[in-house]
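What follows is a short report on a single structure.
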Amino acid sequence: MAEISKGYESRDVEKKWYAAWQAAHAFAGKVTPGKEPYSIVIPPPNVTGVLTIGHVLNNTLQDMLIRRARLEGKSALWIPGTDHAGIATQTVVERELRKEKIRRRDLGREKFLEKVWAWRHEKGGIILEQLRRLGASCDWDRTQFTMDPHYSKAVLSVFVDLFAKGNIYRGKRMVNWCPVSLTALSDEEVIMKPVTGSMYHIRYELVNFPGRYVEVKTTRPETIPGDVAIAVHPQDSRYAELLGQKVRRPLGPTAEIPLIADTAVDREFGTGALKITPAHDKADFEVGQRHHLPIIDVLSADGTLNELAGPELAGLDRFAGRKKAAELLKASGALVAEEVYANNVGYSERADVPIEPRLTWQWWLRYPRVEEAKAAVRAGHIQFHPERWSKVYLHWLENIQDWCISRQLWWGHRIPVWYRQGLDKEKLTEADLRDPTKVHVSLDGPADPENWVQEDDVLDTWASSWLWPFATMGWPDEAAMKQAGLDCFYPTTTLVTGPDIIFFWVARMIMAGLEYMRPGESLDRRIPFKHVYFTGIIRDAQGRKMSKSLGNSPDPLDLIAKYGADGLRFGIVSLAPQGQDIRFQEDRIESGKNFCNKLWNACRFRQMSGPAGDNSKLTTIVARLDPARFDADDHAILDRLLATSREVNRCFYEFEFSAAAQALYGFFWNDFCDWYVEVSKAKLQEPDTKANCLAIQDLVLRQTLLLLHPIIPFITEELWSLLGYGAPGTFIEETRIENASHLASTSLAHGLVLDPAAIASVERLKNFALQARVLKAEHNVASRRDTSFFVTTTDADWAVLSANLSKLLRMAGAATVVRREQVDGAPAAVTQLGTLYLDLASTVDVGAEKVRLQKEVDALARHIAGTEARLSNKAFTDKAPPAVIEGARKQLAEQQAKHAEFERLLKSLG
RNA sequence: GGACUCUUAGCUCAGUUGGUUAGAGCACUUCCUUGACAUGGAAGGGGUCACAGGUUCGAGUCCUGUAGAGUCCA
C-alpha cells in the first residue's frame, strides 16, 4: 500500500482516475437484466459554450445522482451531448468571419454552413472536455449532437408527421422580429425589460375642421407614416360626433386617415384616442383586420426606415428615425408635448436589442398533447422539485399559444418543405399548403428536385431539443433504439435543469414524449422523465446574475486548479439549497477543499495507526470488530454512522443535496475527526483495544467514502484504493453501498448490538471534557497539558469517568482527574458526571470566580423560572403531549440540581 | 395588473408535519506549531428570527395584513 502524503494534491489524482475510468468505459450505460435502470439525459449545453459555474452546479448534481445510482447497484446511464443552438452559434461564427471581413451573405448558404461545421469540429467539444475535468461520469461513447444525421432525421420526421396531422401550418402573422439576427423569435425568446424613453403627444388635424385636432400619445413617432387610422372607444362621448371624420397624418407621405371606433381602445389612456399602425403593433394589427385597414410597413427587416416612411426618414435606423421624427413633428407644430415615460419593451434574448412586431410568413405549431401534459404533472407521474414549479408550468399550459417554429437562419434543421417551381409563396392558401402538386413535405424531398424549391427557413433550436429524451436513444430507428436500450432507459429517471427553461424545454419535452413514445400506452410509460429537479440560479456576491458582459462569472477551471474538482463540487453542492437562488461565495469552495484535506488526513492517520486488516468487504471488516471490547465511543460513532447513512439516503430521495453534503461534513469532521479519532489516540496505545479501534476506523472510513463518493469522486476513489477497501483493479463504484438498515443487519449478524446507554454516556463525557477545557481557558492555562482536576461525584458516575479516564485526560488536556470527597476554593464547573474542579497551584482570584459563578446561578434561575411557569400552567399540562411535559419536568430537575450545586460552590468561596 | 419566492449572527445561508437555552460556514477576539491535518486544534463574542395583528398551552415555523428585495407571466 502506497503511503499517503501529508496534504491532498488534487491535480494528479484527478487526471489519473479520469483516465482510468475512461479507459475501462466505467460509465457505460448497459441494459442488465434484473438491474433497475436509472437514467439521465444531460441538458445539452450550447455547442459554442464554455463551462460556467451554473454548469458546475447542474452537472455536479446529475453526477451525484448517477454515481449514487451505480453504488446502489442500478443500471445507470447518463447521456451527454451538445445543442447546435441556432442563433447563438450562427452569431458566433458570423462574428469570427467578420474579423476576416467576410459576410455571411457573400459566402452563400453552403459555404457558410461549411464554416460553421468546421468551427464546430474545432471548438465544439470544449465544454464536454471541461465536464470531464469536473468528473462528470457521462457515457461518452453515446455523445449526442442535435445536428447529427440520425438526430436530424428524428427532428424532420416529427415535422413531417405533425404537418400531416395538421398541427403545423404556415401563416402570415405578427411575430417577434429581431432586427439584428434578422429572424423571427418565439414569445419565449423575448425578454421584457423596463426602459425609460419619451412619450410624445401628437396632434392630428381634422380635415373638415381646420384648426381642430385630435391628440394621441405615442412612444414611437417614427411609425406615424404607417398610421392608417385613429381609433377611439365607441362609447367615448368626447369623440362621438367626430366618428367617420378624417384626420391628416402629420408625418410621412400625405394622407387622410379615418377616425374609427373599436372596443379595444382604453378610454383611460391619454386622451382616449389611439393611432393605429397595423404593421408595427400586435394590437393595432388586430384592429386593422377588424376594420379592413391597409397595412403600411415602414420598416425594413434590419430595423431601418424604408421609403414608405417618406424621404426625410428613409434609410435611418429606427432609433435615429425616432429622434428625427420628433424634430420634424416639433417643427410642424404637431408635437405638442414630450414627457419622460417608463414602460416595458421586448428585447431579443440573444441579440439584446428591442424586437419589432413584424408581419411575416412563418411556420407555426399547435402543440400536441397539451391536456395530457397537464395531467401527467397533476397526477404526479412527473414530479417537480421543488413542487411549486408545477404551478408555473400549468399556468403556461393553460394559456398556451401556438409556437413559431421557423427561423430565418441558415444554421439549423432546414424545414423539409418544397414549393413547386414558380409558385408565389406569399400567396399560398391553407388549401394550397395541403395540395401535393404545389407543396411537397417529406423527409427525403421530392423525386424530381429540379421542379421544386426548398424552404429557406430552419427550425427553432428548441424544435430539436424537445425530442432530446428519446432522439438521444435512437428514435425513430428501431434497430438504433434497441441498441441504445430505449426500452429500458425510457422514461428517464430525473431531469436536472434550471427553472428558466421550464417553457422552452421542460414543457415541450413532456408534450413530445407523450406524442411519440409508446403510443397507446399509459401516461407514466410515455412521459420523458419522472422527476424534474430545478436548481437555483447562481448569482454573484451582489446578487446579480452571472454574465459574460459583467465579467462576474468565475472560471470553473481556475477554481478547479485552485481547490480541486472535488473541492469545487463539494463547495457548490453545500452552497445550493433546494430551489433557491444561490449567491456564489468562493470561501465555500475553499471550505470544500479543506474538507477534502481533512478526509485525506483522517485516512492518513488510519494508515499510520496500524497495519491494514482485511478491508476488502464490509463483512470482513465487521468480522474484525470485537463487541466485547466496545467502549461507549465505539457505540456512539457507529450509531452516528448509521444515522448519517440514513440521513444521506433521505436527502437523495428528497432531492436535498446540500443537506446531504452538510450531514456528511458534520458527521465526519465533528463526530469522527474531532472526537473519535482523538479518543482513538488513547485506545491505540492499548494492545487490548487497538485492533478493534482500527476495525471501527476502517468501517467508518469505508462507509464514509461510499457516501461521499457521489459528491467528491476523485479523492474517494484514490483513498478507497490506497486503503484497500476494494479488490485491486476495481473501482469504488463496483461496490454496492450498504444502506443504514443493511449496515445494521450486517453488524447484528456478527453479534453487534448498539447500546443506547453507552451512546448517551458519550454526550456526558464530551460535556465533561468541554467543561474542563472551558475552566482551563478561563484561567489562562488552555494550552497546558499538565493540569490536574478534582471531581466530586457519585460512585456510578465515577465508574463511567474512570472507565474512560485515559481518553478523558487526552480530550481535556489534563494530567490527572482525581476523585475527592470535598474540594474548597477551586474554580469549578457543574457537569452531568459530577462537579469538576480545576486544581490551581496559583491563587485563585476569588472575586472573579464569584462573579463567574454568580452569572451561572442567575442564568439558571431565569431558566428555572421559565420552566416552572410552563409546568404550572394548567393549560400546558392539560393539552401538551405527555412526552413534552415529561421533558420539561426532567429539564426542571436538572436545572434545579445544577442551580443548587452552583449556589453551594458560591457559598464555599465565602 | 396577476403568480411565486425571499427577509434569521458582520456576510452568505440552514432551520423537514409548531415543543428544552435558534444552528452552520466564513469573518472577528484570545490561545496553541501536542506524534492525521496550521487546508489544523481549543475557547469565546455576536441574533427583540423585517414589522403589526391573529390562531395556540406553546410560533422563526401556521393564518392575515404592511414594508422592502427578487423572479416569472401579462
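Proteins come first, then strands; the chains are lettered A, B, ... in the order of their sequence lines, and each starts at number 1.
Nearer to the 5' terminus of RNA chain B, by closest-nucleotide assignment, is the contact made by A/K593 (compared with the other of A/K593 and A/H395). If you find the closest nucleotide of RNA chain B to A/R604 and to A/C596, the one lying nearer the 5' end belongs to A/R604.
Contact annotation for A/R784: no contact, since no heavy-atom pair falls under 4.0 Å across all strands. Using a 4.0 Å heavy-atom criterion, one finds that A/K874 contacts no nucleic acid atom at all. A/K6 comes within 4.0 angstrom of sugar-phosphate atoms only, judged by non-hydrogen atoms across all strands, and of no base. Nucleic acid contact for A/C673: base, since at least one base atom lies under 4.0 Å from a heavy atom of the residue.
Comparing B/C37 with B/G19, their P atoms are spaced 43 Å from each other, to the whole Å. If you take atom P in B/G46 and the same atom in B/A24, they sit 14 Å apart, rounded to whole Å. Comparing the same atom, P, in B/G70 and in B/C32 gives a spacing of 47 Å after rounding to whole Å. Nucleotides B/C49 and B/U33 place their P atoms 42 Å apart, quoted to the nearest Å. Across B/U56 and B/U12, the matching C1' atoms stand 34 Å from one another, rounded to whole Å. Nucleotides B/G23 and B/U66 have their P atoms positioned 34 Å apart, rounded to a whole Å. Taking atom C1' in both B/U5 and B/G10, the straight-line distance is 25 Å, to the nearest Å. Comparing B/C13 with B/U8, their P atoms are spaced 9 Å from each other, to the whole Å.
Salt bridge status for A/K683 with A/E686: absent, with no side-chain N to carboxylate O gap under 4.0 Å.
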| query | How does protein contact run along nucleotides 13-23 of chain B, one letter per nucleotide 5' to 3', with B for base contact, S for sugar-phosphate only, - for none, heavy atoms under 4.0 Å? | reply | SS-B--BBB--
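Cation-pi geometry between A/K598 and A/F672 is not satisfied (NZ or CZ under 6.0 Å from the ring centre, within 45° of the ring normal). Judged by the 6.0 Å and 45° rule, A/R508 forms a cation-pi pair with A/W403. With A/F876 as the aromatic partner, A/R870 meets the cation-pi criteria of under 6.0 angstrom to the ring centre and within 45 degrees of the ring axis.
Counting to the nearest Å, the C1' atom of B/U71 and the CZ atom of A/R539 are 7 Å from each other. If you take CD1 of A/I538 and C1' of B/G70, they are 17 Å apart, rounded to a whole angstrom. What separates CG of A/D587 from C1' of B/A24 is a distance of 12 Å, to the nearest Å. Here the P atom of nucleotide B/U12 and the CG atom of A/L57 are 19 Å apart, to the nearest Å. The CZ atom of A/F668 sits 14 Å away from the C1' atom of B/U39 (whole-angstrom rounding). Across the protein-nucleic acid pair, A/Q607 atom CD and B/G35 atom P stand 19 Å apart, rounded to whole Å. As a whole-Å value, the separation of A/W389 CH2 from B/A3 P is 16 Å. A/I4 places its CD1 atom 19 Å from the P atom of B/U39, with the value rounded to the nearest Å.
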| field | Secondary structure of RNA chain B in dot-bracket form (Watson-Crick or G-U wobble, distances below 3.5 Å, | marking inter-strand pairs) | value | (((((((..((((.....[...)))).(((((.......))))).....(((((..]....)))))))))))).
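For the pair A/E778/A/P827, no side-chain contact is recorded, criterion being any heavy-atom separation below 4.5 Å from C-beta on. Annotation: side chain of A/F534 is in contact with side chain of A/T497 (closest heavy-atom distance under 4.5 Å). Side chains of A/V781 and A/D786 form no contact here, defined as non-hydrogen atoms less than 4.5 Å apart.
With rounding to the nearest 0.5 Å, the separation of CZ in A/R588 from CD in A/E590 is 12.5 Å.
Using modelled atom types and a 3.5 Å distance limit, the side chains of A/Q703 and A/S645 yield no donor-acceptor pair. A/N601 and A/Y8 form no side-chain donor-acceptor contact under 3.5 Å, judged by distance and modelled atom types alone. When only modelled atom types and interatomic distance are considered, A/Q895 and A/T867 share a side-chain donor-acceptor pair under 3.5 Å.
The phosphate of B/G41 (OP1 or OP2) has a side-chain N or O of A/W669 nearer than 4.0 angstrom. Between A/N597 and B/G40 there is no side-chain N or O to OP1 or OP2 distance below 4.0 Å.
Residues A/F902 and A/L860 approach most closely at CD1-CD1, 3.6 Å, considering heavy atoms. Of all heavy-atom pairs between A/R604 and A/I4, the closest is NE-O, 3.2 Å.
Comparing B/C73, B/U34, B/G70 by their nearest atom to the side chain of A/F503 picks out B/C73. With B/G70, B/C37, B/G25 as the candidates, the nucleotide lying closest to the side chain of A/E678 is B/C37.
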Report, one pair per line, the protein and nucleotides 42-45 of chain B atoms (nitrogen or oxygen only) whose separation is under 3.5 Å.
residue	atom	partner	partner atom	Å
B/A42	O3'	A/R773	NE	3.2
B/A43	OP1	A/R773	NH2	3.3

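In terms of modelled atom types and a separation under 3.5 Å, the side chain of A/N399 and the main chain of A/H395 share a donor-acceptor contact.
If you check distances only, the side chain of A/K598 does reach the base of B/C37 with a donor-acceptor pair under 3.5 Å.
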